[in-house]
Amino acid sequence: MTQSQTRTAIVTGSARGIGAATAVRLAADGFAVGVVDLEESATKATVETIEAAGGKALGVGADVSDATAVQNAVDTVAEKLGPPTVLINNAGITKDNLLFKMTENDWDAVMGVHLRGSFLMTKAVQKHMVDAKWGRVVNLSSTSALGNRGQANYSTAKAGLQGFTKTLAIELGKFGVTANCIAPGFIASEMTKATAERLGVDWEEFKSSRAKEIPVQRPGLPEDIANMVSFFANEASGFVSGQVIYVAGGPKA
Ligand code: NAP
C-alpha cells in the first residue's frame with residue numbers, strides 16, 4: 001500500500017520476528033523506517049534487508065521501558081529520517097509461569113516492556129503526529145488478552161494495551177491520528193519457539209499440533225501480521241480507529 005508522500009515509521013522490537021517483517025513491509029510501502037530494538041547491532045539484518053530492496057531504514061538501540069532511551073531513540077529517528085508519524089508498538093517479552101510461581105520480577109518485566117514501553121514510545125512520538133496533524137499508532141496485543149493459562153502477566157498487559165489503544169483513539173483523533181490494536185494468534189517466531197523449548201516439545205511438532213486447533217490449519221507467519229499493520233498505517237484507513245482485530249486464522253483464540 002504505497003503512500004502519497006514519504007513518511008517515517010518506528011517499529012519497536014524489529015530486529016526479528018513480527019517486528020522485522022513489519023519494518024520490511026512498511027519500507028516496501030514507502031515509509032522510511034526506524035528499526036528499534038534493545039541492541040543497535042541486532043537491527044543490522046532488518047536494516048540491510050530494507051536497504052537491499054531499495055528502502056530507507058535506520059537501526060537504533062533502545063530499551064522501550066527506559067524513558068531516556070526512548071526519547072533519545074525518537075529524537076535520533078526524527079533527526080535522521082524525518083519526524084515519525086507512524087508508531088508500531090511491537091517489542092515484547094514473555095515470562096510465563098502459573099500464578100503461584102510467578103515472581104514479582106516476572107510481573108514487572110512484562111508490564112515494563114508491553115505497557116510502560118508502549119506508553120513511553122507513544123508519548124514521545126505523539127508530539128510529531130500532532131505537529132503533522134496526521135499519525136498512526138498500532139499496538140500489538142494478543143489472543144492471550146482473553147486469558148491464557150500460565151500468562152497472568154502477559155495476558156494482563158495485552159488486555160491493557162487494548163484499553164490504551166481505545167483511549168489513544170479518543171484523545172488523538174482530532175489531530176488526524178488513528179490508533180488500532182492487532183491481536184495475533186499463534187505466530188511462528190523466536191518467541192513461540194522459546195515456548196516450545198520451555199515445554200520440552202519439538203518445534204515442528206509444536207507448530208503442527210497448534211495448527212490443528214486453528215481453523216485455517218496453519219501457524220501464522222510474521223508477514224500475516226505485517227499485512228494488517230500495512231493496512232492500519234495507510235492513509236486509506238483514516239476512519240478506522242480504536243479497533244482490536246484478531247489475526248488468528250479464525251474467530252477465537
Ligand atoms: P520475538 O521474536 O521475541 O521478538 C521480539 C523483539 O522485541 C525481539 O527482537 C526483542 O529483542 C525485542 N525486545 C524485547 N524487549 C525489548 C525492549 N525492552 N526494548 C526493545 N526491544 C525489545 O517476538 P514476536 O513473536 O515477533 O512478537 C512480537 C510482538 O507480537 C510481541 O509484542 C508479542 O507479544 C506479540 N505477539 C506474538 C505472538 C506470537 O505468537 N509470536 C502472538 C501474539 C502476540 P531481544 O531479542 O534482544 O530480546
Side-chain angles (χ1 to χ4, degrees), residues 10-25 34-47 59-70 72-74 77 87-96 106 108-121 124 138-148 151 153-162 164-165 181-198 203 206-207 210-211 213-214 218-226 228-229 244-249 252-253:
I10 290 180
V11 185
T12 68
S14 46
R16 68 184 196 199
I18 293 169
T22 297
V24 169
R25 174 59 193 259
V35 178
V36 174
D37 211 289
L38 274 174
E39 299 294 335
E40 186 188 328
S41 57
T43 66
K44 202 164 168 260
T46 307
V47 170
V60 182
D63 177 346
V64 296
S65 64
D66 176 333
T68 306
V70 163
N72 289 341
V74 171
V77 171
L87 171 64
I88 318 302
N89 283 310
N90 166 83
I93 58 169
T94 53
K95 299 272 181 193
D96 296 354
D106 289 347
D108 291 343
V110 168
M111 297 303 151
V113 178
H114 296 272
L115 287 180
R116 182 179 159 82
S118 298
F119 159 67
L120 291 174
M121 284 298 309
V138 181
N139 296 318
L140 267 290
S141 179
S142 167
T143 49
S144 295
L146 302 169
N148 198 23
Q151 290 197 314
N153 49 3
Y154 185 81
S155 63
T156 302
K158 291 307 198 185
L161 279 170
Q162 297 190 7
F164 180 59
T165 303
C181 217
I182 298 173
F186 178 74
I187 308 294
S189 75
E190 292 301 318
M191 180 179 274
T192 41
K193 201 172 180 186
T195 304
E197 274 165 23
R198 188 173 48 78
W203 175 229
F206 190 65
K207 280 191 289 183
R210 293 296 300 269
E213 299 160 7
I214 299 170
R218 68 165 176 88
L221 300 172
E223 290 72 18
D224 291 313
I225 306 306
M228 199 63 243
V229 174
V244 179
I245 182 148
Y246 285 82
V247 180
K252 57 184 182 181

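Every value quoted in this text rests on a predicted model; they were computed, and no experiment measured them. Counting starts at 1 for both ligands and their atoms, in listed order. When reading the values below, keep in mind they use all heavy atoms of this one structure, side chains included, and skip hydrogens, waters and symmetry mates.
- Rounded to the nearest 0.5 Å, atoms CH2 (Trp203) and CD (Glu197) are 9.0 Å apart.
- The 12-atom threshold is exceeded at NZ of Lys207, counting heavy atoms of other residues, nucleotides or ligands nearer than 6.0 Å.
- Here the side chain of Asn153 pairs a donor or acceptor atom with the backbone of Asp106 at under 3.5 angstrom.
- More than 12 heavy atoms of other residues, nucleotides or ligands lie within 6.0 Å of CD in Glu223, so this atom counts as buried by the packing criterion.
- For the residue pair Asn139/Thr165, the side-chain donor-acceptor check at 3.5 Å is satisfied.
- For ligand 1, the protein residues within 4.0 angstrom (heavy atoms only) are Gly13, Ala15, Arg16, Gly17, Ile18, Asp37, Leu38, Ala62, Asp63, Val64, Asn90, Ala91, Gly92, Ile93, Val113, His114, Leu140, Ser141, Ser142, Tyr154, Lys158, Pro184, Gly185, Phe186, Ile187, Ser189, Glu190, Met191, Thr192.
- With hydrogens and angles disregarded, no donor-acceptor distance shorter than 3.5 Å links the side chain of Ser65 to the backbone of Val113.
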